[in-house]
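Data block below; observations after.
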Amino acid sequence: MKRMHRWRFEPFELIESAEELYNPGRGWYQIHTFETGICRTPEEMRSSLHETDALVLLLIRISSGGEALNQEELDWIRFILKTFSEAGKDILLRFVYDLEGKGLENEPDRFAIVERHFQQLAKLMETQAEHIFVYQGILVGSWGEMHTSRYLSSRYMCRLASIFREGTGGRIYHSVRKPVQWRQIFDREDWERTAGTAKTGLYNDGILASETDLGTFGYQPREEAGWEQPWLPQEELAFEERLCRYVPQGGEVVFGEMTERMPLEQIAGRLSRMNLSYLNRDHDKRVFEIWQKLKWEKEDVWQGMNGFDYIGRHLGYRFVVRKAVLKPKRREMKLQLEIENIGFARMYQEAELSLEYEDPEGNTEIQRIKTDVRSWNPGERVCLSQSLISREGKYFLSMRRYHDGRAVYFANRQGEKGRLLLGKVILC
């Protein structure tokens, strides 16, 4: 009688890791400031890079004097972007007229000049879209912070936001400083229809400094304030919680009245509600000293970790494979996966999830698993299944960002080459 083959799956123990993961599009960043007309070598630019940061914020001051930016200025900007992208950094970008807190003095006298400059810059950014994660602001205001400017009425902001979208072809995320500014650019119908597709998010450079995050939020209930005025903090946070499921938010924490009295679990809850993806690692050092003294107290893999490290490791997305089951049959197997996002936010860029098969001789084959990782919500688990041909060998899970192939690591103890070993199938 012919012997029937039988298969057995031996799973690898999936243990959650609390280690830092240097994944793209999330985490800590530092600011690097430039001015057109003041040149630096690539070595000088890269000398202060933090090696493990995936992100940088480039603050580039342009001249407000001419009707248009000249070719030399544009070439210099392009060179700056090229230097940091070649260093392997995703770019947060902000063009400004002012680096002194004197927005009204340093911006052009006519809006037509601002329009022309921003059209040129948007066209330039479109050519570098793969390297620019988020563009912050709309060029005007002190430090480009969207305050202290004559060009921050709803009409001006709508025009500049439109220039950005048209010039970049919708390929780059855009962010504005306050939720109310988002609402002044997009009306209520836009909120219901396009909140997830407008690609305009938020950056907050006053996080936890006060009840209103230094004026990011307001003092009136939503019903009294209306659509184009700031709301109470809890109402604005609810607005952010929905909006930033689809678009990134990042910024800076600032020492203030909130900082010293919030326990770590409450801080983490607030940042998670904001869907926070990135923070400035240099600002505010006084806040980070307080966070270093806080400890995570829950009985889990994070127990005893200081607040600074705990928060840093939860910025953006963090994927943990909780379960991997392979059910072998005679000719076909079914893989079932359960993956949890324990980060503060989603992953906002496309990535490919792959199953890698390795036979006993070391030969490999890769099979894509159909899913959109951008839909994996923080705090939730996603269940996936995949049919496979029954074969003896090892099975690994891997993920890579779509546009550049950069590895995305799981928060499990890793195997070689960034692959996570799920287990092996044995013929018995």
Open item on the list: Please tell me whether Glu166 and Ser162 have a donor and an acceptor in their side chains that are separated by less than 3.5 angstrom.
Closed with: yes
Open item on the list: Applying the salt bridge (Lys or Arg N to Asp or Glu O under 4.0 Å) criterion to Arg322, which one of Glu380, Glu340, Glu338 satisfies it?
Closed with: Glu340
TODO: For the residue pair Tyr135 and His174, categorise the inter-ring angle as parallel (less than 30°), tilted (30 to 60°) or perpendicular (more than 60°).
DONE: parallel
- [ ] Please work out whether the ring planes of Phe186 and Trp182 are parallel, tilted or perpendicular, with thresholds of 30° and 60°.
- [x] tilted
Open item on the list: Could you measure the distance from the CD1 atom of Ile31 to the CZ atom of Arg94? Nearest 0.5 Å is fine.
Closed with: 6.5 Å
Open item on the list: Contact between Leu74 and Phe79 at the side-chain level, heavy atoms closer than 4.5 Å - yes or no?
Closed with: no
Task: Donor-acceptor under 3.5 Å (Arg183 side chain, Trp227 main chain) - done: yes
- [ ] Starting at CG of Leu422, measure out to CG of Leu397 and round the result to the nearest 0.5 Å.
- [x] 5.0 Å
TODO: Answer yes if the ring centres of Tyr97 and Trp143 are under 6.0 angstrom apart, and no otherwise.
DONE: no
Open item on the list: Which heavy atom of Val134 sits nearest to which heavy atom of Ser175, and what is that distance?
Closed with: CG1-OG, 3.5 Å
- [ ] Using distance alone, with no hydrogens and no angle criterion, decide if Asp300 and Trp296 have a side-chain donor and acceptor under 3.5 Å apart.
- [x] yes
TODO: State the OG1-CG distance between Thr83 and Leu81, to the nearest 0.5 angstrom.
DONE: 8.5 Å
Task: Test item: Val114 and Glu107 side chains (from C-beta on) under 4.5 Å apart, heavy atoms - done: no
Task: CD1 on Ile207 to CZ on Arg270, rounded to 0.5 Å - done: 8.5 Å
- [ ] Report yes if the distance between the aromatic ring centroids of Phe217 and Trp231 is under 6.0 Å, otherwise no.
- [x] no
TODO: Classify the side-chain pair Arg245/Asn377 by whether it contains a donor and acceptor separated by less than 3.5 Å.
DONE: no
Task: Ile366 side, atom CD1; Glu356 side, atom CD - distance, nearest 0.5 Å - done: 4.5 Å
Task: Between Gln234 and Arg273, a side-chain donor and acceptor under 3.5 Å - done: yes
Task: Any donor-acceptor N/O pair, Ser272 side chain to Ala268 backbone, under 3.5 Å - done: no
TODO: Decide whether a cation-pi geometry holds between Lys89 and Phe84; the criteria are a distance under 6.0 Å from NZ or CZ to the six-membered ring centre and an angle within 45° of the ring axis.
DONE: no
Open item on the list: Would Arg318 and Phe344 count as a cation-pi pair here, with the cationic atom under 6.0 angstrom from the ring centre and within 45° of the axis?
Closed with: no
- [ ] May I ask you to decide if Leu55's main-chain N or O and Asp53's side chain share a donor-acceptor pair within less than 3.5 Å?
- [x] no
Open item on the list: Distance alone, cut at 3.5 Å: any donor-acceptor contact between the side chains of Thr36 and Arg61?
Closed with: no
Open item on the list: Do Leu99 and Val96 make a side-chain contact, defined as non-hydrogen atoms from C-beta onward lying under 4.5 Å apart?
Closed with: yes
Open item on the list: Donor-acceptor pair, distance only, cut-off 3.5 Å: does the side chain of Asn23 make one with the backbone of Tyr409?
Closed with: yes
Open item on the list: Between Arg281 and Gln30, is there a side-chain donor-acceptor contact under 3.5 Å, judged purely by atom types and distance?
Closed with: no
Task: Flag side-chain contact, heavy atom, 4.5 Å: Phe111 against Arg150 - done: no
- [ ] Indicate yes or no for a side-chain donor-acceptor contact from Arg46 to the backbone of Ala87 under 3.5 Å, with no hydrogens or angles considered.
- [x] no
Open item on the list: Side chains of Trp291 and Thr259 only: does a donor on one sit below 3.5 Å from an acceptor on the other?
Closed with: no
TODO: Taking the six-membered ring for Trp and the full ring for Phe, Tyr or His, determine whether the centres of Phe288 and Trp28 are under 6.0 Å apart.
DONE: yes
TODO: May I ask you to decide if Lys102's main-chain N or O and Asn106's side chain share a donor-acceptor pair within less than 3.5 Å?
DONE: yes
Open item on the list: For the aromatic rings, using the six-membered ring if either is Trp, is the centroid distance between Phe319 and Tyr317 under 6.0 Å?
Closed with: yes
Open item on the list: Using salt bridge (charged side-chain N to carboxylate O under 4.0 Å, His left out), reason through Lys298 and Glu265 one step at a time and then give a plain yes or no.
Closed with: CA-CA 9 Å; Lys298 287 188 175 181; Glu265 190 172 349; 3.4 Å; yes
Task: Point-to-point distance, once rounded to the nearest 0.5 Å, from CD of Glu67 to NE2 of His117 - done: 7.5 Å
Open item on the list: A quick test of your reading: do over 12 heavy atoms of other residues, nucleotides or ligands sit less than 6.0 Å from NZ of Lys285?
Closed with: yes
TODO: Please determine, by modelled atom types, if His147 and Ser149 share a side-chain donor-acceptor pair under 3.5 angstrom.
DONE: no
- [ ] Check His131, Arg26, Arg401, Arg406 against Asp90 for a side chain to side chain donor-acceptor pair (under 3.5 Å) and give me the one that passes.
- [x] Arg401
Open item on the list: Run the side-chain hydrogen bond (donor to acceptor under 3.5 Å, both in side chains) test against Glu130 and tell me which residues pass, sequence neighbours left out.
Closed with: none
Open item on the list: Within the 4.5 Å heavy-atom criterion, are Gln336 and Lys323 side-chain neighbours or not?
Closed with: no
Task: Distance-only donor-acceptor check, side chains Gln220 and Gln229, under 3.5 Å - done: no
- [ ] Check whether more than 12 heavy atoms from other residues, nucleotides or ligands sit under 6.0 Å from atom CD of Glu43, and answer yes or no.
- [x] yes
Open item on the list: I'd like to know if the side chain of Glu228 and the backbone of Gln184 have a donor-acceptor N/O pair within less than 3.5 Å.
Closed with: no
Task: Glu223 atom CD, over 12 foreign heavy atoms within 6.0 Å - done: no
TODO: Give a yes or no on whether the backbone of Ala238 and the side-chain of Arg242 come within a donor-acceptor separation of less than 3.5 Å.
DONE: no
TODO: Quick one: sort the Tyr395 and Tyr357 rings into parallel, tilted or perpendicular, breaks at 30° and 60°.
DONE: tilted
Open item on the list: Which residue is it: Arg78, Arg171, Arg165? I am looking for the one with a salt bridge (Lys or Arg N to Asp or Glu O under 4.0 Å) to Glu126.
Closed with: Arg171
Task: Student check: side-chain heavy atoms of Asp213 and Glu236 closer than 4.5 Å - done: no
Open item on the list: Just by distance, no angles: are the side chains of Arg368 and Ser354 close enough, under 3.5 Å, to form a donor-acceptor pair?
Closed with: yes
Task: side chain to side chain contact (heavy atoms under 4.5 Å, CB included) between Thr371 and Trp376, worked out - done: CA-CA 9 Å; Thr371 184; Trp376 296 4; 3.2 Å; yes
